[in-house]
Amino acid sequence: MAGRNEPGPTVLRIMLGAHLRRLRERSGVTRSDAGWAIRSSESKISRLELGRVGFKERDVDDLLTLYGVTDPAERERLLKLAQDANNRGWWHRYGGITPDWFDAYLGLEAAAELIRTYEVQFVPGLLQTPEYTRAVARLTPGGERTDAEVEQVVALRRTRQQVLEREPPLRLWAVMEESVLWRPIGGAQVEREQLGALIEAVRKPNITLQIIPTGSAGHPAMGGAFSVLRFPEPDLPDIVYLEHLTSALYLDKPDDLDAYTHILDALAVSGPRPQEAEAQLAAILRRLE
């Protein structure tokens with residue numbers, strides 16, 4: 001995790017799926033016919049092309065034949081990509097504490113070069129202290145976590161945070177409501193430590209933080225938290241991530257990307273400048289002491 005961000009299995013599945021979709025469309029083959037060729041269905045082809053499921057090498061081989069791909073080198077490259085896309089990501093060892101729908105996000109986060117996020121409830125996960133994470137982990141709906149499970153959540157979070165220290169580091173641009181910082185998650189001491197950690201974070205060149213004052217008149221992002229992820233791979237589009245209580249949405253249609261990017265741009269222009277964040281954090285910290 002400390003080295004350069006290499007594409008993980010999630011990204012590879014999306015890249016291969018997008019490439020197979022382009023090959024299918026170029027050859028004029030319908031999803032229904034493609035599904036028939038691999039002894040499956042149109043919906044299976046749709047899931048493959050979106051990178052939502054793993055790839056069987058036999059299916060990829062049959063699809064390449066159907067799409068008229070005859071170059072041996074090209075076939076070998078895509079079949080190797082299918083093999084790599086089926087590998088388990090490093091986050092698999094935390095599978096007992098993370099829902100299946102969150103695994104895709106972990107893969108995308110690890111591969112992203114830029115994440116822009118808007119938060120209304122908690123400090124962004126990549127900026128949380130261990131104690132703050134412990135307190136958040138104990139708020140899980142549907143039953144309390146054991147101490148061992150909470151520690152796994154903390155370990156996962158700390159592993160995820162390594163993207164901010166790798167080479168090149170992830171660039172994080174976070175916009176959060178000031179009310180998040182006043183919420184005593186874990187108690188007053190945890191809150192003070194978290195504020196101190198944020199002050200240190202905003203001094204790093206790859207981290208940008210904007211804090212929307214509590215007295216703000218409102219803005220287009222009042223609907224809830226979301227993130228927009230951008231990747232260095234040219235075959236991978238930006239993705240909007242929306243997390244719900246028991247599921248998540250991954251949006252990559254141009255209209256959706258434009259809408260959420262416009263909201264983030266509007267927040268960046270209308271809110272306090274990033275250069276003011278350290279002073280805002282220090283002022284809140286002083287009032288808590």
Side-chain angles (χ1 to χ4, degrees), residues 4-89 100-116 168 170 226-242 247-262 264-265:
R4 186 178 179 87
N5 53 320
E6 297 295 334
T10 303
V11 172
L12 295 178
R13 284 199 303 270
I14 295 174
M15 291 172 61
L16 178 57
H19 193 74
L20 289 173
R21 185 190 69 245
R22 288 193 295 270
L23 289 173
R24 179 182 59 76
E25 292 173 345
R26 188 178 65 189
S27 63
V29 176
T30 66
R31 285 197 181 97
S32 178
D33 288 341
W36 179 264
I38 63 169
R39 301 150 298 278
S40 189
S41 63
E42 179 178 348
S43 63
K44 173 66 176 294
I45 295 297
S46 178
R47 293 194 299 273
L48 286 172
E49 292 181 350
L50 290 171
R52 302 283 170 80
V53 293
F55 292 86
K56 293 180 180 179
E57 290 181 54
R58 182 182 69 170
D59 291 345
V60 174
D61 191 57
D62 289 344
L63 289 174
L64 293 178
T65 299
L66 180 65
Y67 301 156
V69 179
T70 57
D71 180 17
E74 176 70 358
R75 293 179 69 98
E76 182 178 355
R77 182 182 74 85
L78 292 173
L79 287 170
K80 177 63 166 58
L81 187 57
Q83 289 178 354
D84 294 341
N86 287 330
N87 292 333
R88 290 176 170 176
D100 292 341
W101 49 263
F102 189 59
D103 287 351
Y105 179 79
L106 293 175
L108 295 172
E109 179 185 76
E113 65 176 2
L114 169 66
I115 296 179
R116 300 177 68 188
L170 170 77
F226 65 91
S227 299
V228 177
L229 297 87
R230 179 166 296 171
F231 309 90
E233 290 80 15
D235 288 341
L236 196 62
D238 290 0
I239 292 177
V240 177
Y241 174 74
L242 299 166
S247 63
L249 292 176
Y250 299 85
L251 310 176
D252 62 359
K253 293 182 179 178
D255 288 347
D256 293 326
L257 291 169
D258 288 345
Y260 283 95
T261 300
H262 176 74
L264 288 170
D265 290 342

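Note that these values count all heavy atoms, side chains included, but never hydrogens, waters or copies made by symmetry.
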Problem - Arg58, CZ: over 12 other non-hydrogen atoms inside 6.0 angstrom - result: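 Open.
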In Å and rounded to the nearest 0.5 Å, what is the [atom1] to [atom2] distance from [X] to [Y]?
X      : Y      : atom1 : atom2 : value
Leu170 : Leu114 : CG    : CG    : 7.0 Å
Lys56  : Leu48  : NZ    : CG    : 10.0 Å
Asp61  : Leu66  : CG    : CG    : 11.5 Å
Glu57  : Leu64  : CD    : CG    : 11.0 Å
Leu12  : Gln83  : CG    : CD    : 12.0 Å
Ser32  : Ile45  : OG    : CD1   : 9.5 Å

Counting C-beta onward and ignoring hydrogens, is there a side-chain heavy-atom pair between [X] and [Y] closer than 4.5 Å?
X      : Y      : value
Leu257 : Leu251 : no
Leu108 : Ile239 : yes
His19  : Leu23  : yes
Phe55  : Leu81  : no
Glu113 : Pro168 : no

Problem - Listed partners of Asp255 passing side-chain contact (heavy atoms from CB on, under 4.5 Å), at least two apart - result: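 By the side-chain contact (heavy atoms from CB on, under 4.5 Å) rule, Asp255 matches no residue at all.
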Exercise for the section: Sequence neighbours left out, what passes side-chain contact (heavy atoms from CB on, under 4.5 Å) with Glu25? Give chain and number order. Expected result: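 Here the qualifying residues are Arg21.
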By side-chain hydrogen bond (donor to acceptor under 3.5 Å, both in side chains) - contacts of [X] (at least two apart):
X      : value
Arg116 : Asp265
Thr65  : Arg75
Arg39  : Asp59, Asp62

Handout entry: Exam field: side chain Arg24 to backbone Val29, donor-acceptor pair closer than 3.5 Å
Key =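 It does hold such a pair.
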Practice task
Would you mind telling me which of Tyr260, Tyr250, Phe226 makes a ring pair (Phe, Tyr, Trp, His ring centres under 6.0 Å) with Tyr241?
Solution key: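 Exactly one candidate clears the test, Tyr250.
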Problem - With sequence neighbours excluded, residues passing salt bridge (charged side-chain N to carboxylate O under 4.0 Å, His left out) with Asp33 - result: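 If we apply the salt bridge (charged side-chain N to carboxylate O under 4.0 Å, His left out) test to Asp33, skipping adjacent residues, there are no hits.
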